[in-house]
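Please read the structure below before turning to the comments.
Given the structure is predicted, the values throughout are model-derived calculations rather than measurements. Sequential numbering from 1 along the given sequence is applied to the chain's residues.
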Amino acid sequence: MSKNMEGLVSFPVNAQRNSFFGALSSILLYRNAYTEDTPFFCGRFQRDCIRCGSCDKEPFLHKHHLKIYQYLITVTGCAYFWIDGEIGNSYDEPYMADKFSQTALDRLSLALYASGYRYESMNKNTEEDLLFDRIKQSVKERRPVLIKLGGGDVWAVITGYCDDKNFPYLMKFRHSPQLNKEWYNKLRSIVFITDKYDSAISLSESLDHMIRHLNADSRNKLEQKICQKLETESDGKKLGLWLNRINGLAIENRWHASECCRNTLVPMIDNDKGREILMKASGLHLHFHDQAWRIWALLGVSPQTGYGLPRNINELLDNSSTRAELKSLFQELFTIDRQVAGLLQECLSLL
């Protein structure tokens, strides 16, 4: 016998490279019973969407998925990272407001806390048959399951199961649900999202967490390292690859943070001054995004190159004026982050 939940939105939706937040957003969209009739707040015009612009053909469910993704990646601080390594590899660290880490080892517990849900995490310390029975129970209760497979940061959603084969249906990144026979062999973590908290994370706590990531000590060290490498690294391809990885992650995630500020955080505030400050922060993130595109242009990176380096990267970075401009632009990006931290601190003082 097979049982499968229908109607889960596949991920990614728009610019979503993080499969953890993509998979979790699909689950939360389903658990919170969003439909095409659920109103969507448009941050650009600060009103419910009336389908007035270029995004009028985009399904509301896709808009809500992206909004959830942007909220979670921002309040956990992951939208403010410069390198993937800052995310960390542990998913069992409990979130505690008074114990801050410069990495996101607690992003699972924090993301679920911010979403208003409790959870139970398991791994291969639990036998396969017991886990499969728990999966079946969750599916029968119409509760999709979050699962991490293999090495790296590969997350998926369990949407159903086949009793005859003892296999779950997995919805992976860019794929619709399919039976997966390797699920237990590749299992790293499985997360059962259970009941709701009586009250979720406060806006004050979210802002404080964001500020602390923006002010982390490691950022100043990275800024200094970028400037030093631009002055001393002779291998243009090596330097270009490193800078492109940094810029590519930051340019996408600061856009998510901008959208989160104006789409989700602004409506949470009940005073005009606080809303004005968050809109300024959103605007600074967009300026960050625009300046990061200038960095891409100097590196010869574009949609035409698949956002990879061009063949003439050595020639491009052999130019001292190009390196000087890159240094200035990266310094500006770090300055913008510090300005945003100041704005968020000002907003926090009003709550």
Side-chain angles (χ1 to χ4, degrees), residues 14-15 21 40-50 52-55 63-64 66-82 86 100 102 104 110 114 201-220 222-223 246-296 328-351:
N14 205 311
F21 290 108
F40 177 79
F41 183 80
C42 172
R44 180 181 179 187
F45 294 108
Q46 291 294 292
R47 67 186 183 208
D48 282 346
C49 176
I50 58 173
C52 65
S54 60
C55 63
K63 292 184 178 185
H64 282 298
L66 185 59
K67 183 176 180 179
I68 293 170
Y69 179 99
Q70 290 167 338
Y71 171 68
L72 294 180
I73 202 170
T74 302
V75 299
T76 57
C78 293
Y80 295 126
F81 288 153
W82 285 85
E86 290 175 297
F100 176 73
Q102 293 196 39
L110 177 52
I201 192 172
S202 68
L203 178 58
S204 296
E205 194 172 341
S206 297
L207 290 176
D208 180 66
H209 195 80
M210 293 158 61
I211 291 164
R212 291 164 81 176
H213 274 295
L214 282 165
N215 287 333
D217 293 340
S218 59
R219 306 167 73 79
N220 293 332
L222 179 61
E223 181 181 8
I246 292 172
N247 196 58
L249 181 66
I251 192 174
E252 179 184 306
N253 285 344
R254 295 312 189 281
W255 174 70
H256 289 314
S258 174
E259 291 292 287
C260 172
C261 284
R262 69 179 190 174
N263 288 343
T264 307
L265 301 186
V266 166
M268 292 181 179
I269 294 193
D270 58 5
N271 66 80
D272 291 340
K273 181 63 176 176
R275 287 191 288 267
E276 178 186 340
I277 291 170
L278 284 178
M279 289 299 289
K280 284 183 180 178
S282 176
L284 279 175
H285 283 317
L286 282 183
H287 182 58
F288 182 114
H289 180 266
D290 293 343
Q291 297 302 79
W293 267 97
R294 289 182 61 193
I295 290 174
W296 261 346
S328 177
L329 283 168
F330 271 110
Q331 288 176 317
E332 182 180 356
L333 297 189
F334 281 95
T335 297
I336 290 171
D337 274 355
R338 287 189 283 269
Q339 291 171 335
V340 170
L343 287 173
L344 296 184
Q345 187 64 58
E346 185 180 353
C347 182
L348 180 60
S349 69
L350 298 173
L351 301 180

Working to the nearest 0.5 Å, report the span between CG of L278 and CD1 of I269. 4.0 Å
Minimum heavy-atom separation for Y71 and M268, please, with both atom names. CE1-CE, 4.0 Å
Checking T335 side chain against Q331 main chain: does a donor-acceptor pair fall under 3.5 Å? yes
Hey, could you give me the CZ/CG distance between F288 and L329, rounded to the nearest 0.5 Å? 11.0 Å
For F45, enumerate each residue passing the ring pair (Phe, Tyr, Trp, His ring centres under 6.0 Å) test, keeping only those at least two apart in sequence or located in another chain. none
So, taking the atom named CZ in R338 and the one named CG in L333, what distance separates them when rounded to the nearest 0.5 Å? 10.5 Å
Straight-line distance of Q345 CD to D208 CG, nearest 0.5 Å: 7.5 Å
Distance check, rounded to the nearest 0.5 Å: L66 atom CG versus N263 atom CG? 8.5 Å
Side-chain donor/acceptor of Q46 to backbone N/O of G43, under 3.5 Å: yes
What are the two closest heavy atoms between M279 and V266, and how far apart are they? SD-CG2, 3.9 Å
Please check this pair: side chain of R47 against backbone of F41, looking for a donor-acceptor N/O pair closer than 3.5 Å. no
Minimum heavy-atom distance T76-H209, with the two atoms named: O-NE2, 3.2 Å
Could you tell me whether the side chain of H289 and the main chain of H256 form a donor-acceptor pair under 3.5 Å? no
Is any side-chain heavy atom of L222 less than 4.5 Å from a side-chain heavy atom of E86? no
Contacts satisfying ring-ring contact (aromatic ring centres under 6.0 Å, His included) that involve residues 330-351 (not counting sequence neighbours) are W82-F334
Would you mind reporting whether D48 and I50 have side-chain heavy atoms less than 4.5 Å apart? no
Side-chain heavy atoms of I251 within contact of I295, under 4.5 Å: no
Closest non-hydrogen atoms of N253 and A79, given as atom of the first, atom of the second and distance, are CB-O, 3.3 Å
How close do C347 and G274 get, counting heavy atoms only, and between which atoms? SG-O, 4.0 Å
Partners meeting side-chain contact (heavy atoms from CB on, under 4.5 Å) with K280 (sequence neighbours left out): E276, L343
Looking at T74 and C260, what are the two nearest heavy atoms and their distance? OG1-CB, 3.5 Å
Kindly say whether S258 contributes a backbone atom to a donor-acceptor pair with the side chain of Q70 at under 3.5 angstrom? no
So, Q102 side chain and S218 main chain: donor-acceptor pair closer than 3.5 Å or not? yes
Using modelled atom types only, decide if a donor and an acceptor are shared between the side chain of D337 and the backbone of L214 within a distance under 3.5 Å. no
Would you say that I68 contacts F21 through its side chain, given a criterion of any heavy-atom pair below 4.5 Å between the two side chains? no
Applying side-chain contact (heavy atoms from CB on, under 4.5 Å) to L207 and V75, what does each step give before you reach the verdict? CA-CA 7 Å; L207 290 176; V75 299; over 6 Å; no
With side chains defined as the heavy atoms from C-beta onward, is the minimum distance between R44 and R262 less than 4.5 Å? yes
CG on L110 to CG on L72, rounded to 0.5 Å: 8.5 Å
Can you check side-chain contact (heavy atoms from CB on, under 4.5 Å) on M210 and L265, steps first, answer last? CA-CA 12 Å; M210 293 158 61; L265 301 186; 3.9 Å; yes
Taking the six-membered ring for Trp, are H285 and Y80 closer than 6.0 Å centroid to centroid? yes
Under-4.0 Å salt bridge between E332 and R294: no
Going by heavy atoms in the side chains, are L350 and I277 under 4.5 Å from each other? yes
